[in-house]
Every structure is written in C-alpha cells, then in structure tokens.
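Working notes for the structure below.
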Amino acid sequence: DVQLQASGGGLVQAGGSLRLSCAASGDTVDDYFDDYAIGWFRQAPGKEREGVSCISTSDDSTYYADSVKGRFTISSDNAKNTVYLRMNSLKPEDTAVYYCAADVGPCDDDFVLLDFDSWGQGTQVTVSS
C-alpha cells in the first residue's frame, strides 16, 4: 500500500515558477519505488482531469503533455522516494489542483491510460495574470 503526499503549490504570477513534490510512503515503498510510474495530473474547475507528466522511476524515462513540454520538468529522487515537478514559465491556464499518482511499472506515451491506484490529496496551483 502506497501513500502519496503532494506539496509545493501556491500563488504565483504569470511567468513564475513552482516546484511540486510527491513523497511516497508505505510498507513496500522502499522495496518497489524504483519500479513505479509516478504521474502528475491536474484538474481545473469545470474541466476534466488532465495528465501532465509521468516518470518511470526505473530508468527516469519522462513523458509530458504537449501543453507543458519545454516548461515543466519531472524528476525522481529514489533515495528519498520523492518525485518533483518543476514548473517554469507558468501561465494562468496552468491554474488547477495538481495530483500525483503511482502505479507499479513504467510510464509510456499513453500514461493517462495507466491504472494508477494510489493518489495524493492534491495541491493548489494558482497563476495570476
């Protein structure tokens, strides 16, 4: 059983940066964290949930939605069981609640279709214009 804690959200002006963290904990995390797909998703009011990025902790393969390519960077620190999402050049349309999620196995280009069975509680990101 994996528990995820997302943090790092806040209010920032357009063009600014934030770094989100997703810390994993649980009885099996230390044994299996290096074989997870950790995804970041976001949901804005009135909109459907959107896949933002995913990282395979086994080999650091990364995947991004077109809307964030070149601006967001996902990374993993397996020693700390933590995945980060660095968000640069933020835009008002990036405003949303951001969630991290975990699934055993690797990410791929269709990571939004993976069966993520562990979800964090969400962290609010607000970008003002």
Side-chain angles (χ1 to χ4, degrees):
D1 190 22
V2 178
Q3 292 83 48
L4 301 176
Q5 179 74 37
S7 62
L11 173 64
V12 65
Q13 289 186 331
S17 299
L18 285 173
R19 188 181 77 161
L20 305 184
S21 298
C22 177
S25 62
D27 292 341
T28 60
V29 167
D30 286 342
D31 292 333
Y32 296 107
F33 188 80
D34 60 356
D35 191 26
Y36 279 158
I38 304 292
W40 282 99
F41 296 80
R42 65 187 182 186
Q43 189 164 21
K47 294 188 177 181
E48 293 188 355
R49 188 174 64 198
E50 175 189 16
V52 174
S53 183
C54 190
I55 187 167
S56 301
T57 58
S58 59
D59 63 4
D60 288 340
S61 298
T62 58
Y63 304 86
Y64 298 94
D66 288 343
S67 59
V68 306
K69 279 181 182 176
R71 300 188 298 122
F72 290 11
T73 303
I74 192 170
S75 61
S76 178
D77 185 339
N78 289 8
K80 295 182 178 179
N81 295 340
T82 301
V83 166
Y84 304 97
L85 185 68
R86 177 68 178 183
M87 306 185 296
N88 295 330
S89 302
L90 282 162
K91 304 175 181 179
E93 51 264 45
D94 294 318
T95 295
V97 177
Y98 283 69
Y99 301 89
C100 59
D103 184 29
V104 176
C107 299
D108 57 33
D109 284 327
D110 293 321
F111 68 89
V112 295
L113 300 179
L114 294 177
D115 185 20
F116 289 95
D117 51 10
S118 299
W119 289 81
Q121 84 288 3
T123 184
Q124 175 71 46
V125 172
T126 303
V127 185
S128 63
S129 58

Got a sec, which residues hit side-chain contact (heavy atoms from CB on, under 4.5 Å) with [X], two or more places apart in sequence or on another chain?
| X | value |
| --- | --- |
| Lys47 | Ala44 |
| Val97 | Tyr99, Gln124 |
| Asp110 | Asp108, Leu113 |

- Query: Excluding sequence neighbours, so at least two apart, what forms salt bridge (charged side-chain N to carboxylate O under 4.0 Å, His left out) with Asp94?
  - Reply: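 Scan of Asp94 (salt bridge (charged side-chain N to carboxylate O under 4.0 Å, His left out), adjacent residues dropped) gives Arg42, Arg71.
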
- Task: With sequence neighbours left out, write down each residue that passes salt bridge (charged side-chain N to carboxylate O under 4.0 Å, His left out) with Glu93, or none if nothing qualifies.
- Result: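 Residues passing salt bridge (charged side-chain N to carboxylate O under 4.0 Å, His left out) with Glu93: none at all.
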
- Query: What pairs meet the disulfide bond (SG atoms under 2.5 Å apart) rule with one or both residues in residues 44-91, with sequence neighbours excluded?
  - Reply: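 Of all non-adjacent pairs touching residues 44-91, those that pass disulfide bond (SG atoms under 2.5 Å apart) are Cys54-Cys107.
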
Minimal non-hydrogen separation, [X] against [Y], with atom names:
| X | Y | value |
| --- | --- | --- |
| Gly51 | Val112 | CA-CG1, 3.6 Å |
| Lys91 | Val127 | O-CB, 3.3 Å |
| Ser67 | Glu50 | OG-OE2, 3.2 Å |

- Query: For the atom pair CD1 (Ile74) and OG (Ser56), what is the distance rounded to the nearest 0.5 Å?
  - Reply: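 Ile74 atom CD1 to Ser56 atom OG measures 9.0 Å (nearest 0.5 Å).
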
- Can you tell me how far the CD1 atom of Ile55 sits from the CD1 atom of Ile38, to the nearest 0.5 Å?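 It is 9.0 Å, given to the nearest 0.5 Å.
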
Distance-only donor-acceptor hits, side chain of residues 8-35, under 3.5 Å, sequence neighbours excluded:
from, atom 1, to, atom 2, distance (Å)
Ser17, OG, Asn88, OD1, 2.9
Asp30, OD1, Asn81, ND2, 2.8

- Item | Pairs satisfying ring-ring contact (aromatic ring centres under 6.0 Å, His included), at least one member in residues 52-86, at least two apart |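 Matches after skipping sequence neighbours: none remain.
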
- Task: Any pair with a residue in residues 103-129 that passes ring-ring contact (aromatic ring centres under 6.0 Å, His included), sequence neighbours left out, goes on the list, sorted by first then second residue, please.
- Result: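 Non-adjacent pairs meeting ring-ring contact (aromatic ring centres under 6.0 Å, His included): Phe41-Phe116, Phe41-Trp119.
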
Run the side-chain hydrogen bond (donor to acceptor under 3.5 Å, both in side chains) test against [X] and tell me which residues pass, sequence neighbours left out.
| X | result |
| --- | --- |
| Ser76 | Asn78 |
| Tyr36 | none |
| Gln43 | none |

- Do the non-hydrogen side-chain atoms of Ser53 and Leu85 ever get within less than 4.5 Å of each other?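 Result yes, sub-4.5 Å side-chain heavy-atom pair found.
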
